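All figures in this text were calculated on a predicted structure; none of them were measured in a lab.
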Amino acid sequence: MSIKEKLLCIGIGQGGGNFCQELEMCGYRTLAINTSKEDLDTLILKHKYHISGGEGCSKDRNIGRQLIRMDFINIDKQIDSCGDGVEIIFVIFTASGGTGSSMGPILADILSNNPKYKDKIICMAVILPSVKESIQANSNAYCCFSEIANVKKSGACFVLDNNEFEDKYMINKEFVAYLDEFLHIPASDKSTKGNIDFSEIKKTLSAHNMAVMTAIPAGKNTVARLLDSLQNNSIFVKREKDNVLQYTALSLADEELSAEEVNQELQKAIGTPIDNFTTYNRRGRNFICISGLSYPQTRLNQIADIVNKNKDSIAKSQNSKLELTADMSFLQSSAPKEDANPKKEPEETLENIWDKYNL
């Protein structure tokens with residue numbers, strides 16, 4: 001079985017579906033799931049599923065939560081039909097929408113706890129909104145991550161950030177390129193000084209919490225440039241500088257570099273992992289994946305601030321009432337005085353009205 005056949009990517013919502021399209025073009029197995037048939041119709045994919053009763057969520061997470069509950073039996077069947085023989089499942093979604101934000105964490109939680117998938121690694125790739133996106137989008141992202149944090153048995157979670165890299169389609173392409181490069185290290189990068197096998201790729205991806213990847217061209221100051229690429233001009237959210245991590249997987253472009261020295265320099269900057277896996281390549285690229293990082297608390301606090309700054313004005317707009325108290329009666333015609341003994345008019349029947357008009 002090829003590397004690509006060992007991976008299934010499930011895209012939830014429009015953002016997840018767009019990722020599936022990029023991944024399927026690279027030969028990976030995918031399944032796009034959405035509450036919106038119109039969104040699914042824009043995708044050219046082998047496997048797509050429209051959730052029963054879904055008409056889109058309009059960024060309303062409650063709608064998505066109800067729909068996955070009602071239709072999960074059918075969703076599970078779709079996953080079964082696509083996932084034969086896979087070893088890694090990626091659940092991919094945006095944190096800002098209605099469908100992906102609500103269903104993504106739930107699906108990852110179910111898969112990682114289901115005995116049927118006990119021998120599979122369940123990973124996530126999640127996209128954060130930029131600060132320019134709507135208050136609702138940022139609120140959804142914060143609520144989504146409060147649920148992601150409680151998915152206890154999942155593997156690596158790659159957090160992409162529209163705030164760091166505004167071209168959403170380039171983010172998709174770059175992430176898919178990184179993931180494809182990482183998964184193919186065992187097959188493409190060989191050295192007598194050491195190799196990374198697929199079990200070590202799986203070990204890196206099995207680490208809970210956040211993960212990041214980056215690559216730089218061969219050249220001088222390898223460690224300094226890797227660290228700069230990890231923290232700046234990256235598609236991924238900025239990591240917390242708390243020296244928390246579990247694994248590093250590193251492929252170096254220059255066999256003259258000492259793997260031990262490079263890893264020691266990295267550890268001084270990012271912390272000491274449980275284990276590090278290192279090899280060399282002839283592709284002219286230095287590649288690193290780090291997993292088991294802390295979730296991006298600083299960025300999530302920024303999102304909370306964006307929402308909280310607008311909380312009062314939102315509440316005011318939702319509870320606003322129209323109050324018209326000025327007296328304008330002086331411009332109205334005088335109302336007739338009420339008769340103390342009013343004459344009761346007979347009720348008009350439909351037949352009387354027809355008669356009145358000679359009909």
Side-chain angles (χ1 to χ4, degrees), residues 1-35 39-40 43-51 68 71-94 99-100 103-127 148 151 153-160 172-173 175-187 197-208 211 213 249 289 291:
M1 181 180 285
S2 72
I3 296 294
K4 293 181 179 181
E5 292 175 317
K6 295 180 180 181
L7 186 78
L8 171 64
C9 299
I10 305 172
I12 313 294
Q14 182 64 29
N18 289 338
F19 267 97
C20 282
Q21 191 144 283
E22 288 289 336
L23 284 156
E24 191 160 299
M25 288 170 62
C26 293
Y28 289 94
R29 279 195 268 184
T30 68
L31 169 63
I33 300 172
N34 208 325
T35 59
D39 286 348
L40 280 175
L43 301 172
I44 304 170
L45 294 170
K46 184 177 179 181
H47 299 290
K48 300 186 286 185
Y49 180 67
H50 176 231
I51 292 174
I68 192 174
D71 200 36
F72 183 71
I73 291 175
N74 291 321
I75 294 170
D76 193 36
K77 289 178 181 176
Q78 292 291 321
I79 296 170
D80 279 347
S81 68
C82 299
D84 183 47
V86 302
E87 298 180 27
I88 303 166
I89 298 176
F90 264 83
V91 182
I92 305 176
F93 53 96
T94 65
T99 301
M103 296 186 180
I106 295 172
L107 184 59
D109 206 355
I110 291 171
L111 295 178
S112 59
N113 282 282
N114 192 328
K116 184 166 55 176
Y117 302 104
K118 64 181 180 180
D119 59 340
K120 305 184 192 313
I121 299 167
I122 310 301
C123 297
M124 287 181 274
V126 190
I127 304 96
I148 289 172
V151 181
K153 295 183 179 180
S154 61
C157 179
F158 293 90
V159 185
L160 306 154
N172 296 0
K173 289 179 181 295
F175 176 72
V176 170
Y178 280 150
L179 183 61
D180 187 58
E181 183 174 359
F182 180 51
L183 294 172
H184 280 86
I185 283 176
D197 57 39
F198 194 66
S199 69
E200 291 166 334
I201 296 290
K202 290 169 64 177
K203 176 67 76 173
T204 305
L205 290 176
S206 69
H208 187 55
M213 298 180 284
C289 178
S291 65

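With sequence neighbours excluded, no residue forms a ring pair (Phe, Tyr, Trp, His ring centres under 6.0 Å) with Tyr49. Applying the side-chain contact (heavy atoms from CB on, under 4.5 Å) criterion to Asp180, with sequence neighbours excluded, gives Lys4, Tyr28, His184. Under the side-chain contact (heavy atoms from CB on, under 4.5 Å) criterion, Leu111 pairs with Ile10, Ile79, Ile89, Val91, Leu107, Tyr117, Ile122, sequence neighbours left out. The side-chain contact (heavy atoms from CB on, under 4.5 Å) check on Ala156 picks up Cys123, Phe158, Leu205, Ala211, with sequence neighbours excluded. Asp39 is linked by a side chain to side chain donor-acceptor pair (under 3.5 Å) to nothing, counting only residues two or more places apart in sequence or in another chain. Not counting sequence neighbours, the partners of Glu87 by the side chain to side chain donor-acceptor pair (under 3.5 Å) test are Lys202. Residues satisfying the side chain to side chain donor-acceptor pair (under 3.5 Å) test with Thr94, not counting sequence neighbours, are none. Under the rule for a side-chain contact (heavy atoms from CB on, under 4.5 Å), the partners of Leu40 that lie at least two apart in sequence or sit in another chain are Ala32, Asn34, Leu43, Lys48, His50.
In this model, a donor atom of one side chain and an acceptor atom of the other lie less than 3.5 Å apart for Asn18 and Gln14.
Leu8 approaches Cys82 most closely through the heavy-atom pair CD1-CB, 4.0 Å. Among all heavy-atom pairs drawn from Phe93 and Gly100, the shortest one is CD1-O, 3.3 Å. Here the closest non-hydrogen pair linking Ser206 and Ile121 is CA-CG2, 3.9 Å.
Looking at heavy atoms from C-beta onward, Ile92 lies out of side-chain contact with Cys20 at the 4.5 angstrom threshold. Ile51 places a side-chain heavy atom less than 4.5 Å from the side chain of Met103. Counting heavy atoms from C-beta on, the side chains of Thr99 and Ile12 come closer than 4.5 Å.
Applying the salt bridge (Lys or Arg N to Asp or Glu O under 4.0 Å) test to every pair with at least one member in residues 9-34, sequence neighbours left out, gives these pairs: Glu22-Lys173. For residues 105-124, the set of pairs meeting the salt bridge (Lys or Arg N to Asp or Glu O under 4.0 Å) definition, not counting sequence neighbours, comprises Asp76-Lys116, Asp80-Lys116.
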